[in-house]
Amino acid sequence: MTAERKQSVVPADQPPQPREAGTATEFVAALRALRVWSGLTFRELEGKATANGDVLPSSTIAAALGRPTLPREQIVTALVRACGLDEAVVQDWLSARRRVAMGNPPVWTEPVPAAAPPRRWPGAARVGVVLVVVLAALGVGGYAVFSDQAHEQAPAAGAGLPIPGLTMGTVGSWATIRAAAAADLCLSEGRDSTGGYEHAVAALRPCDQAVPPRTYLRPVGTGLVQIQWHHPEHGVGCLVVRTDGAGKDLVEPWDDCSESRSAQVFRLNPVGAPDSRRYRLQPVHSELCIGIAGKQAVADREARHGPCTGQADQEYLIDLIAP
């Protein structure tokens, strides 16, 4: 009889465990859950690690928790210690990491609990950016967690693959995505201007408002990227096009980042001169484009998925920035 995967019930006052992780993605998800359980921001974890004699920059934490690959053992060690756990627990996490790295499956021995309902990160206020901290579903990260999105296969993944006109790092680069029709407006966290969808979505915000999240482009194929948002409280979220429900055709952050989810991988199609850094954004699950609601590049207007028109509201200027 085929072994059935089971999950254990972890009391709220107990830290998440790595023993159920069967893949690198699940192991990283468990680490994100541990970070949320700790109640510490990335900056606070960096300080705790320093006090422990470890080196763990907040940018390293964000990168490690935003990738579907196993973090180095040194990162796992420093992060688990920074969360306030002892050396015995550190060794449990390292053992689980080695097991996953060798491809050995977990052993499921405990009963399956009722699934917790998913919760989204609420949208920001329209005047200024008021970020509300919300526990995500199952204690994993601070961005939305969903399972109703179709898992269509995206093209083969890979690091450091070329993005036309952009000289990116081998694992990606920090960036700003500006509206080509209004270069002082950047694609950032906002809300649906119609009020029909209450949760956080991608929208145009003034670029000179130095507020989180930061944008990170992670190459996953030739001309293909994941668009990650890194936030000091909510962690790492990847933008995804909603395909159903009240948020249909809006673009929102999910903390469940997966290269195999085609609505979460975007083509960067160059527009104009090769050095213009001007692009159209197209999710690989469709032939449509990401434009601005009402076809007007104005502040607080949300991004929407729709037919490609060739108009300026569907064009973006992408600038890479130093770490």
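Counting from 1, the numbers follow the sequence of the chain as shown.
For the residue pair Pro16 and Ala30, the shortest heavy atom distance occurs at CB-O, 4.3 Å. Scanning all heavy atoms of the two residues, the minimum distance from Ala246 to Gly196 falls at CB-O, 4.2 Å. The shortest non-hydrogen separation linking Ile292 to Ala297 is CG2-CA, 4.4 Å. Residues Ala303 and Leu187 share a closest heavy-atom pair of CB-CD1, 4.1 Å. In this structure, Cys308 and Gln282 approach most closely via the heavy-atom pair SG-NE2, 3.5 Å. The heavy-atom pair separating Val100 from Ala21 by the smallest distance is CG2-O, 3.6 Å.
Side-chain contact between Thr309 and Cys289 is absent, with no heavy-atom pair separated by less than 4.5 Å. The shortest side-chain heavy-atom distance between Ile321 and Arg214 falls under the 4.5 Å cut-off. In this structure the side chain of Arg98 never reaches within 4.5 angstrom of the side chain of Leu70, judged on heavy atoms. In this structure, Thr176 and Cys207 have side chains that are not in contact, with every pair of non-hydrogen atoms separated by 4.5 Å or more. Using a 4.5 Å cut-off on side-chain heavy atoms (C-beta onward), Pro15 and Leu85 make contact. In this structure the side chain of Pro283 reaches within 4.5 angstrom of the side chain of Ile290, judged on heavy atoms. Within the 4.5 Å cutoff, side-chain heavy atoms of Ile227 are placed close to those of Leu217. Between Ser188 and Pro213 the shortest side-chain heavy-atom distance falls below 4.5 Å.
Under a hydrophobic clustering in which Ile, Leu, Val, Met, Phe, Trp and Tyr are joined whenever their side-chain heavy atoms come within less than 4.5 Å, directly or via other members, Leu250 and Val298 fall into different clusters. Trp37 and Val28 are assigned to two separate hydrophobic clusters, defined by single-linkage of ILVMFWY side chains at heavy-atom distances under 4.5 Å. Note on Phe266: it does not cluster hydrophobically with Leu288, by side-chain heavy-atom contacts below 4.5 Å among ILVMFWY residues. A single hydrophobic cluster is seen to contain both Leu31 and Val90, as judged by linkage of ILVMFWY side chains at heavy-atom distances under 4.5 Å, directly or through other members. Phe27 and Leu94 end up in the same hydrophobic cluster when Ile, Leu, Val, Met, Phe, Trp and Tyr side chains are linked at under 4.5 Å.
Atoms CZ and CD, on Arg304 and Gln314 in that order, are 13.0 Å from each other to the nearest 0.5 Å. Between atom OG1 of residue Thr215 and atom CD1 of residue Ile177 there is a gap of 5.5 Å, rounded to the nearest 0.5 Å. Distance check: Leu224 CG to Arg218 CZ gives 12.0 Å after rounding to the nearest 0.5 Å. Rounded to the nearest 0.5 Å, atoms CZ (Arg278) and CD1 (Ile318) are 12.0 Å apart. Distance check: Leu166 CG to Leu320 CG gives 5.0 Å after rounding to the nearest 0.5 Å. Here the straight-line distance linking atom NZ of Lys48 with atom CZ of Arg81 works out to 15.0 Å at 0.5 Å rounding.
Panel note: side chain Gln311, backbone Lys295; no donor-acceptor pair is recorded below 3.5 Å. Checked by atom type and distance alone, the side chain of Tyr279 pairs as donor or acceptor with a backbone atom of Pro164 at under 3.5 Å. Side chain of Glu44 to backbone of Ala82: no donor-acceptor contact under 3.5 angstrom is found. A distance-only check finds a donor-acceptor pair linking the side chain of Asp192 to the backbone of Thr194 [under 3.5 Å]. Distance alone, capped at 3.5 Å, is enough to place a donor-acceptor pair between the Thr77 side chain and the Glu73 backbone. Listed for the Arg267 side chain is no donor-acceptor partner under 3.5 Å among the backbone atoms of Arg280. In this structure, the side chain of Glu46 does not engage the main chain of Pro57 through any donor-acceptor pair within 3.5 Å.
In summary, Asp319 and Arg277 engage in a salt bridge, as defined by a charged side-chain N under 4.0 Å from a carboxylate O. For Arg242 and Asp249, the salt-bridge test fails: no basic side-chain N is under 4.0 Å from an acidic carboxylate O.
Of the listed residues (Leu281, Val220, Leu268), just one forms a side-chain contact (heavy atoms from CB on, under 4.5 Å) with Val225, and that residue is Leu268.
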Task: Stepwise side chain to side chain contact (heavy atoms under 4.5 Å, CB included) test for Glu189 and Arg205 - done: CA-CA 8 Å; Glu189 191 268 337; Arg205 303 287 305 172; over 6 Å; no
Open item on the list: Go through it in stages, so that I can follow the logic: the residues are Leu45 and Ser58, the test is side chain to side chain contact (heavy atoms under 4.5 Å, CB included), and I'd like the CA-CA distance, side-chain angles, deciding distance and then a yes or no.
Closed with: CA-CA 7 Å; Leu45 287 169; Ser58 59; over 6 Å; no
Open item on the list: Would Asp300 and Ser193 count as a side chain to side chain contact (heavy atoms under 4.5 Å, CB included) here? Give the steps.
Closed with: CA-CA 7 Å; Asp300 298 320; Ser193 62; 6.0 Å; no
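When the ring-ring contact (aromatic ring centres under 6.0 Å, His included) test is applied to Tyr216, the partners found at least two apart in sequence or on another chain are Trp174, His230.
Between the side chains of Glu302 and Tyr197, no donor-acceptor pair is found at a separation under 3.5 Å.
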